[in-house]
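Everything on this sheet refers to the single structure shown next.
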Amino acid sequence: MPSDDRLSELRALLGPGGVATDEAELAARTRDCWPLLTMRERAGEALPRPDAVVWPRSTDDVAAVYRWAVTQRVPVVPYGGGGGVCGGAAPVPGGIVLDTKRMAAIGPLDEVSGLVAVEPGVIGQTLEEWLGARGFTLGHFPSSITVSSVGGFAAARSAGQASTRYGTFPQMVAGYTAVLPDGTVVRRRAVPASAAGPDLGGLLLGAEGTLGCLTGFDLRVHRRPEAMGFRGWRLPAFTAGLEALRAVLQRGLRPAVVRLYDEADTGLSHPEFGGGCLLVCVAEGWPPLVDLEVAALGEAVAAAGGEDRGEEPARHWHAHRYDVSYRLAEFIKPGGAFGDAVAVDTMEVAACWARLPALYEGVRAALAGVMDLVLCHASHAYPDGACLYFTFGAAGAGDEPGVQARYAAAWDAGQHAALDAGATITHHHGVGLLRAAWLAEELGEGGMTMLRRIKAALDPAGVANPGKLGLGGQVPS
Amino acid sequence: VTGGGLRGPADLPGLAGLPGLADVRADAEHCSYCPKLCRFACPVAVATGRESVTPWGIDRAIVAATDGTVTAATAASVYACTGCRGCGSACLPGLDLPTHVRAARAAVVEAGHAPAAIEDAAGAPAAPDDALVANATAGAPTVVLAGCQSADGGDLARVLAATGVAYDVVRVPVCCGARAVDVGLADDGLGRLEVLQALLVAAETVVVADPHCARWLQVDGGDARVVTLPAWLAAHVDRLAFPAEAEPVAWHDPCWLGRGLGVYDEPRAVVAAAAGATPSEAIWHHDHARCTGAGMGYEAVDPDGAAVIAATRAAELAATGASVTVTACPSAAARLRAAGLEALDLPVYLSRRLAHAADGPARADASEPT
């Protein structure tokens, strides 16, 4: 634990308001939004706290914090909005939390190139509204947009609901500034593409603070769409819907939002369908292209045996696209909608089209063997594949240890089923603490060796978010 | 106005007693299981970056205090709220954080952990401005309350006189008690309300200039006679003669007027009539308008955080390019001025425009309401 003397050095670096050790703030820093940590707190467990929270205001401040941490051998856990769902921002006992939210500048906006400079602590919704007032959009709409930060998007390689048109967050990063764990500052100018050596930024995106902290971004932005098109269809089966999506994506079209819900999910949201699967599309951009994308998907759906349900399903989805996040508390709070000790989580995996049907069946069966409810939708579609997003839950009937055991078993079974089907274990939520074990299986011995060597080279003191991604690091005294 | 019998809080339909910690626990617990989806809308969370002051952090502290002990840490969280209801505008379940905060602060006061600064933030009974009294008509059915935070009673008197409507005022020092309740001094606040209500018993309409007082009297107190000054003026603006020369102004929605009472269109209409132009809007406006840091005593408890909030809002309003920002809350106007913005409370702005008109030609359409 950093002594008061050592923390006074931090206060000298960051100013008196730049370091907090008060009870109120440390008590609010026990977890991010990983459901297991929420469940453990709900069960009465006192989770570990950090020893201090620090708020740098600049890249130089961040570099100074890391240099101090190396000298003092204190773990540093970057923290943005705390919206991560894998424990990536969970505190390390004896360590400090490096909160980026006072680095929250937006601009300038380069309207010619379509680039905006953003600091890591900016919340996604704030950025989107700032851009919207100027006629632009980032096109990044994760369901956590009102809580999550730009730095968090980068840390977890986030994806938003309109990723089929605008890409995932790494594709939005044209330039960046980063601080490595020894305090070295890396600045990469914004360029559209480059062959100047390996993609160092790609290494930092998704590192979840284990290789330092990203402190600035040049993000690719777009003119706000001139038009939007909405359409919904009923498909006879999930695999038929996948075929329709594949046909459109492989024709080169990129409708912003395509979401195919399996029968279980469709049955909950649209019981009037009487079975089958809902597919919604929100296309946006140049009006002729919008019309073309909707028409092309309609044609593909018809070929797959689907039927047109008009605009309403897609408009309804769009109007309520963030509601599920707001409803989470209804399920997980004590005495919630399904009683005490409920477990709810999501598992987003991705694979190539040829493997998607097997992935769907495999993961669904694995989760259903342990949990009471399993829903799935396909989203984030690409020419070569798509993400399958499973939602699963269990009613623990007041048995907290029991439901935690079921939760762990569900994750183990689901992730192994994904690996067996040739999928990635995570499409856009990241690894954190939750998926460390399966990361090693996905990357293999060679991949993990490479990752560990990179970690050792960049963070020899082991202060950068130890434990996350299964990378270990310094064990606090 | 003289009382004709006591009308205390217990007689008011909306205020059978203030909720306590146990009353708000269920909603606070619900909030504490949310992934902090309103954090972007909380000015204190944005300004400080502290998790303990997000609405989630505040409600989490309230649950802990309800189930355990009220501590100094409880105070650190629950006094970090401006009551702006930005969180409420982003809350699908519609939780009302200021109600939770009031309950918690009363418990913190009782436990002896309240910040010393709250004494200065509790407001104090204030007598009406001499000009307001001089122009008042004893026994008039319309009674005007300027509020204890306004130092511009002379301007309000000028505007009221220009409408030609007879009004009366409470001629002794009074305070509605909202600010006292806000900071946790519940008994003081309720006592002040009781005194005021007794003095207002004969009024048919109560025009309240400070939206904070107005919400307390109207919503918490359940007093249907209460109308905000902007809403009342919107019905009388056609009687006012403004100068022909248009002036570019920006409008700032006060939190307690907008999100608190849902009054958005009326002040814009009044300002548009006075300015001769539609007021400009900051990026974040209407129910998404950002706070100035003025509410619920926050500026007294954390002046540094409040200064950041005010500076942020002032910069947003300055970006409109308007030479002056008008609002309808004396506290918000003061916060914005402290941040370097030319900001005026509505009566002050209207008074200035009326004076300007008196010195020169009035607009031909001045009698047309907008």
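Convention: sequence-line order gives letters A, B, ...; per-chain numbering from 1. Just so you know, these numbers use all the heavy atoms, side chains as well, and skip hydrogens, waters and symmetry mates.
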Those residues of residues 61-95 of chain B that come under 4.5 Å of chain A on a heavy-atom basis, listed by number, are B:A73, B:A76, B:S77, B:A90, B:C91, B:L92, B:P93
Among A:G81, A:A27, A:G335, which residue has the highest count of heavy-atom pairs closer than 4.5 Å to chain B?
A:G81
Contact listing (chain B partner; residues 130-141 of chain A; heavy atom under 4.5 Å):
A:W130, A:A133, A:R134
Between A:D345 and A:T391, is there a donor-acceptor pair closer than 3.5 Å when you use the side chain of the first and the backbone of the second?
no
Honestly, the part of B:R50 sitting under 4.5 Å from a heavy atom of chain A is both
Contact class of A:E129 relative to chain B, heavy atoms under 4.5 angstrom:
both
One thing to verify: whether B:D182 and B:R102 come together as a salt bridge, which I'm taking to mean a side-chain N less than 4.0 angstrom from a carboxylate O.
yes
If the threshold is 4.0 Å, N to carboxylate O, is there a salt bridge linking B:R39 and B:E51?
yes
Minimal heavy-atom distance between A:L98 and A:P56, with the atoms involved, is CD2-CG, 3.7 Å
In terms of heavy-atom pairs under 4.5 Å with chain A, which of B:T48, B:T54, B:V308 leads?
B:T48
Contact origin within A:F331 toward chain B - heavy atom pairs under 4.5 Å:
neither
Salt-bridge present (A:R42, A:D340; N to O < 4.0 Å):
no
Thinking salt bridges, do B:D253 and B:R268 make one under a 4.0 Å N-O criterion?
yes
Would you say B:R25's side chain and B:A22's backbone share a donor-acceptor pair under 3.5 angstrom?
no
Is it the case that the side chains of B:D59 and B:H100 hold a donor-acceptor pair, with the cut-off being a distance below 3.5 Å and no angle test?
yes
Chain B contact via A:E41 - which portion, at a heavy-atom distance below 4.5 Å
side chain
If you compare all heavy atoms of B:F40 against all heavy atoms of B:V46, which two are closest, and at what distance to 0.1 Å?
O-CG2, 3.8 Å
Presence of salt bridge, A:R49 and A:E23, under 4.0 angstrom
yes
Without swapping roles, check the side chain of B:W251 against the backbone of B:P267 for a donor-acceptor pair under 3.5 Å.
no
With a 4.5 angstrom heavy-atom cut-off, is it the side chain or the backbone of A:D32 that approaches chain B, or both, or neither?
neither
B:H285 versus B:Y264: any side-chain heavy-atom pair under 4.5 Å?
no
What part of B:S32 lies closer than 4.5 angstrom to a heavy atom of chain A: side chain, backbone, both or neither?
backbone
Any side-chain donor paired with an acceptor under 3.5 Å for B:R290 and B:T312?
no
